[in-house]
Protein chains: 2
Amino acid sequence: MRSPVTMADVARRAGVAASTVSHVVNGTRPVSAVLRQRVLDAIEETGYVPNRVARSLVTSDTHLIGIVMSALTNRFFVPVVSAIDRVGRRHGYSSVLADSRDRVDSEVEAVNTLLSRRVDGIVLAPAPGDRRQVLDRLVAEEVPTVLIDRWADGRFDWVGVENVDATANLVRHLIALGHTRIGLVSGMRGLSTTEERVAGYRLALDEANLAYSPSLVVPGKSSAGPAEQALGALLDRPQPPTAIVSANNYMTIGVLQGLRKRGIRVPDDMALVAYDDLDFAELLQPRLTVVAQPVAQIATEAVNLLIKRIANRDLAGPRQVIRLPGTFVHRESCGCPSGAPLAGSVKPAEGGPSQERKARAEAPGRGRGGLAGSDKPTVVGMS
Amino acid sequence: MRSPVTMADVARRAGVAASTVSHVVNGTRPVSAVLRQRVLDAIEETGYVPNRVARSLVTSDTHLIGIVMSALTNRFFVPVVSAIDRVGRRHGYSSVLADSRDRVDSEVEAVNTLLSRRVDGIVLAPAPGDRRQVLDRLVAEEVPTVLIDRWADGRFDWVGVENVDATANLVRHLIALGHTRIGLVSGMRGLSTTEERVAGYRLALDEANLAYSPSLVVPGKSSAGPAEQALGALLDRPQPPTAIVSANNYMTIGVLQGLRKRGIRVPDDMALVAYDDLDFAELLQPRLTVVAQPVAQIATEAVNLLIKRIANRDLAGPRQVIRLPGTFVHRESCGCPSGAPLAGSVKPAEGGPSQERKARAEAPGRGRGGLAGSDKPTVVGMS
DNA sequence: ATGAAAGCGCTAACAT
DNA sequence: ATGTTAGCGCTTTCAT
């Protein structure tokens with residue numbers, strides 16, 4: 001069995017009281033150099049590893065941060081884990097996961113598990129549907145929680161991206177290029193991001209006095225397969241669109257797949273722009289014109305905010321809503337030649353309704369190694 | 001502050017002893033219908049959530065599985081998390097993460113954290129370098145551990161992929177197509193996967209009586225940027241290769257990037273094959289000929305094995321080594337026309353040295369929605 | 001079928 | 001500067 005060497009063992013070996021061992025381990029009170037050394041030696045010799053669960057029982061904190069999201073499907077999953085590791089390492093936090101599978105019932109189960117494990121705080125990307133049960137619970141238990149990605153409830157801190165204007169910019173650009181029949185492959189129902197992106201699409205149409213046709217908006221359910229199917233519906237219309245907007249990364253993959261199968265070339269036969277950059281967007285031909293989310297930054301802000309809340313639970317203060325801007329990345333799938341200036345002035349955002357704090361624009365370099373000069377896409381920061 | 005409603009509170013409210021509450025919660029001994037109901041009601045009314053950390057202190061198990069790997073860089077990260085969630089949910093396991101950043105010192109830190117949190121078991125993808133310290137520790141503490149991806153030590157269970165023959169097959173295919181100068185962009189030094197893939201490359205060369213030239217093997221360090229640089233070295237040779245093998249997914253991205261920048265077309269100017277399939281391999285032009293790892297299956301096997309070990313720590317038995325076959329996916333980047341039969345008979349594997357168990361071949365469909373008939377790549381199972 | 005009591009390994013008063 | 005002691009919230013003998 002596993003090392004049952006306890007603090008008492010160490011104390012005995014060092015010839016001191018258990019509390020002394022505790023204090024040298026935690027530096028919680030001065031210990032004479034001699035005893036400290038004796039204790040350190042004893043620890044070394046016995047291979048003692050402090051038992052954090054026993055510690056947690058008395059201090060009633062676990063230094064555990066719970067993450068609730070659909071692991072595979074949510075693009076914030078890995079960045080959040082990384083942020084907790086990076087930021088949290090300094091403060092001794094670790095992360096525990098709970099997959100919600102994007103269904104409220106699993107979400108409830110997930111939150112309960114985390115609650116019973118007494119996590120110090122939770123980062124949650126709310127599943128679509130009625131999440132009142134989970135959220136009420138979280139409020140009742142008063143466990144520090146920050147919502148991420150999808151907005152769901154004014155009682156919580158939230159960090160996410162600006163969707164309305166960013167999507168509108170995508171559409172404005174297409175309109176500036178002369179398109180009037182623009183299809184939208186939209187996301188899962190019940191997600192704020194889905195609704196906001198649809199709203200952005202309609203906004204741009206309105207501005208240009210183009211009629212909104214419901215049949216041009218097809219449900220891609222936020223994933224590739226359904227998106228490919230939804231695309232079919234669009235293409236089978238008597239008057240297919242001349243341009244398509246895909247509302248998230250996974251759906252973009254489905255759309256590309258579908259277009260390819262039908263032998264429809266981008267952008268010659270069909271212009272395509274998308275919400276979310278893809279890791280491999282640069283490698284596709286044509287390269288995709290997209291709005292990129294500052295994913296890493298969102299994750300980092302969320303974790304920082306959470307840790308701050310945990311640190312002073314009392315100084316609660318007003319809930320923070322951090323809505324970060326997306327970045328318009330102009331490449332060629334919209335139909336523009338490589339390096340062309342951006343058609344259709346990208347309007348500056350006017351500040352979301354619940355925007356309480358303006359964040360700095362994301363740094364241009366998004367990490368994935370520099371591109372050669374002429375190959376560089378035009379990056380337009382949006383705020 | 002957080003719900004401090006304890007088992008004692010519930011007991012008082014229900015007018016029973018704490019032990020009775022415990023037994024109805026855990027079903028550990030019969031409780032009369034009346035009392036059981038009273039307890040259940042009290043729990044309901046108080047919103048009691050059992051404190052798992054207190055429980056852990058007495059039972060000395062946490063139902064926590066630790067995951068140690070380079071979160072962002074390791075392709076097994078998300079699949080392992082998913083597997084723990086899927087398999088573990090039935091048994092009440094959750095996962096705690098620790099990012100090793102692929103450096104032994106962080107790895108030591110990570111393992112220590114998990115040890116102090118008293119996880120019931122660990123899934124570890126060993127960092128490159130001298131991991132004796134970590135592994136000795138794990139052995140000493142006798143915490144059930146399964147190694148994944150990179151093989152490191154005979155004292156542990158291990159689950160990973162067959163590399164030698166799979167890589168050889170890639171090279172054999174190129175040779176069959178007439179290539180004699182074949183470059184290899186290889187992975188990080190100190191990783192078993194790197195060494196095995198180089199060995200496979202050499203094996204195929206030997207079989208064909210082609211000379212092995214060290215300068216045709218360049219260090220891509222398992223990531224995109226370095227791979228792109230390494231590619232440069234290959235291309236700047238007086239006699240550049242006519243075909244390239246990329247030894248993992250991230251490096252393939254770098255290689256593609258580099259080739260594109262130099263205006264080198266695949267496969268016309270340069271044939272390209274790779275270890276690891278890419279999520280978007282189907283979307284590239286040309287589509288990539290690769291060996292795909294059964295990632296999800298590896299993760300699932302690892303987690304199942306670990307949970308089994310945890311269940312009966314004593315019945316230790318011999319260490320298991322599960323080496324799963326890769327799948328040759330024949331597409332067009334090798335220079336073959338779409339749907340062409342596979343040139344260069346792909347030799348069946350001969351069983352790795354430490355192969356103790358033969359696993360079934362991965363099911364052909366790899367999840368990402370069916371391809372249209374004529375577009376379907378030729379998939380050749382390897383064992 | 002139920003209750004009382006001991007104790008898991010630690011921290012944090014409270015002594016001295 | 002160090003030791004003693006009383007819990008943290010639970011499980012699990014041991015009684016009854």
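Within every chain, numbering begins at 1; the chains are lettered A, B, ... in the order of the sequence lines, protein sequences first and strands thereafter.
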Query raised in the report: Over how many whole Å does the gap from B:Tyr48 atom OH to D:dG9 atom C1' extend?
Result: 7 Å
Query raised in the report: Between B:Asn26 and D:dT11, does any side-chain N or O lie under 4.0 Å from OP1 or OP2?
Result: yes
Report task. Kindly point out which of C:dT2, D:dA1, C:dC10 is positioned nearest to the side chain of B:Leu35? Result -> C:dT2
Query raised in the report: Contact class for A:Val31 vs. all strands (heavy atom < 4.0 Å): base, sugar-phosphate, or nothing?
Result: sugar-phosphate
Query raised in the report: Atom CZ of B:Arg38 and atom C1' of C:dA1: how far apart are they, to the nearest Å?
Result: 13 Å
Query raised in the report: Within a radius of less than 6.0 Å around CZ of B:Arg132, do more than 12 heavy atoms belonging to other residues, nucleotides or ligands occur?
Result: no
**Report entry** A:Met7 CE - D:dG7 C1' separation (whole Å)
**Finding:** 16 Å
Query raised in the report: Can you tell me if CD on B:Gln37 sees more than 12 non-hydrogen neighbours from other groups inside 6.0 Å?
Result: yes
Query raised in the report: Could you state the CZ-C1' distance from A:Arg118 to C:dC10, rounded to the nearest angstrom?
Result: 18 Å
**Report entry** Donor-acceptor contact below 3.5 Å, side chain A:Arg55 vs main chain A:Asn51
**Finding:** no
Query raised in the report: What is the distance, rounded to the nearest whole Å, between atom CZ of B:Arg36 and atom C1' of C:dG3?
Result: 17 Å
Requested in this report: For B:Val34 and for A:Arg55, locate the closest nucleotide of DNA chain C by heavy-atom distance; then report the residue assigned to the nucleotide nearer the 5' terminus.
Outcome: B:Val34
Report task. Check whether any side-chain nitrogen or oxygen of A:Thr6 sits under 4.0 Å from OP1 or OP2 of C:dC8, and answer yes or no. Result -> no
Query raised in the report: Roughly, in whole Å, what's the span from CG in A:Leu57 to P in D:dG7?
Result: 14 Å
Query raised in the report: Under 4.0 Å between a Lys/Arg side-chain N and an Asp/Glu carboxylate O for A:Arg89 and B:Glu109?
Result: yes
Query raised in the report: Nearest heavy-atom pair of B:Arg118 and A:Pro50: which atoms, and what distance?
Result: NH1-O, 3.6 Å
Query - A:Arg137 and A:Glu141 ion-paired at < 4.0 Å - result: yes
**Report entry** Per B:His23 side chain, nearest of listed nucleotides C:dT11, D:dT2, D:dT12
**Finding:** D:dT12
Query raised in the report: Nearest-Å distance, CG (B:Asp61) to C1' (D:dC10)?
Result: 13 Å
Query raised in the report: Side chains of B:Arg323 and B:Trp158: closer than 4.5 Å at any heavy-atom pair?
Result: yes
Report task. Please work out if B:Arg29 contacts a base, only the sugar-phosphate, or nothing of the nucleic acid, heavy-atom cut-off 4.0 Å. Result -> base
Query - Length of the line joining B:Arg12:CZ and C:dG3:P, which is rounded to integer Å - result: 14 Å
Query - Check ion pair A:Asp102-A:Arg150 (N to O, under 4.0 angstrom) - result: yes
Report summary line: Partner of B:Ile65 under side-chain contact (heavy atoms from CB on, under 4.5 Å), picked from B:Val119, B:Ile307, B:Val96, B:Asp120, is B:Ile307
Requested in this report: Could you identify which residues of residues 14-22 of chain A place a heavy atom less than 4.0 Å from some atom of DNA chain C, listed by residue number, or say none?
Outcome: A:Ser19, A:Ser22
Query raised in the report: Does a side-chain N-to-carboxylate-O contact under 4.0 Å join B:Glu45 and B:Arg13?
Result: yes
Query raised in the report: Which angle, to the nearest 10 degrees, lies between the helix axes at the two ends of the helix from C:dA1-D:dT16 to C:dT16-D:dA1, each defined by five pairs?
Result: 40°
